[in-house]
Amino acid sequence: EAGVVQSPRYKIIEKKQPVAFWCNPISGHNTLYWYLQNLGQGPELLIRYENEEAVDDSQLPKDRFSAERLKGVDSTLKIQPAELGDSAVYLCASKDRKGDTGELFFGEGSRLTVL
Amino acid sequence: AQSVAQPEDQVNVAEGNPLTVKCTYSVSGNPYLFWYVQYPNRGLQFLLKYITGDNLVKGSYGFEAEFNKSQTSFHLKKPSALVSDSALYFCAVRGGGADGLTFGKGTHLIIQP
């Protein structure tokens, strides 16, 4: 079974530029999460999707961050414009709602460096 | 609101010795508790979870964790450490009606040969 796939793995941009991250969850997993992991910290939830609906985006900084999951499968997280403080790892995770016991499956992450 | 505390930034253990990585939590209702491991430049990898039942949970790579409701703790343990266990370990909790996981800040485990 293929795991959660994220791209790009690494991205270096200058401040004020836009950037986008892509996530393909495990097949059949209808719950998808984007987490932010700052250096030396644990992951923090940005947004959660149930199929194509964003059911929890309370921690997403909506002035510059946006996300979509148009067909309820792949998802894209966008930052425009990027700031120096956005340098972090962006993790995507998915979960199967059937028999849900809470375990999330994570991708390798996308490491963003803003110069 | 739910929270997780990992009081040690780093734990150093000699290879072959037992190891413990500490975790305490705060959540309303019954908790779901998890341990994840993260190797450098990699995503989080699931180790084990407690949902209900036996307080001692066994997981991947010989790790186990003990749920203690009265102390609100879920410490990660292994009887004999390996150098390859060196990594960053995260404790996480789900509860209080929330769907996602709340993570601790992580503990660096360093196993010395």
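Throughout, protein chains are lettered first and strands after them, A, B, ... in sequence-line order, and every chain is numbered starting at 1.
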Can you tell if the side chain of A/P43 reaches within under 4.5 Å of the side chain of B/Y36, non-hydrogen atoms only?
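No, side chains not in contact.
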Just wondering, do A/F106 and B/R42 contact through their side chains at under 4.5 Å, heavy atoms?
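Side-chain contact under 4.5 Å: no.
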Inspect the surroundings of [atom1] in [X] and state if more than 12 heavy atoms from other residues, nucleotides or ligands are less than 6.0 Å away.
X	atom1	answer
B/E8	CD	yes
A/E14	CD	no
B/Y39	OH	yes
B/H75	NE2	yes
A/K62	NZ	yes

Check whether A/Q37 gets within reach of chain B through its side chain, its backbone, both or neither, counting any heavy atom under 4.5 Å.
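Contact with chain B: side chain only.
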Same cluster for A/L91 and B/L101 if Ile/Leu/Val/Met/Phe/Trp/Tyr side chains link at under 4.5 Å?
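Result: yes, single cluster for both.
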State, to 0.1 Å, how close A/E103 and B/F46 come at their nearest heavy-atom pair, and which atoms those are.
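Heavy atoms only, the tightest pair is OE2-CD2, 3.4 Å.
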Heavy-atom closest pair, residues A/R111 and B/N41
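Shortest heavy-atom separation between A/R111 and B/N41 comes out as NH2-OD1, 3.5 Å.
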In terms of heavy-atom proximity below 4.5 Å to chain A, should B/D9 be classed as side chain, backbone, both, or neither?
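Neither the backbone nor the side chain of B/D9 comes within 4.5 Å of chain A.
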Heavy-atom distances under 4.5 Å only: say whether B/Q38 touches chain A with side chain, backbone, both or neither.
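The answer is the side chain of B/Q38.
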Can you tell me how far apart CG (A/N38) and NZ (B/K105) are? Round to the nearest 0.5 Å.
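Between atom CG of A/N38 and atom NZ of B/K105 there are 14.5 Å.
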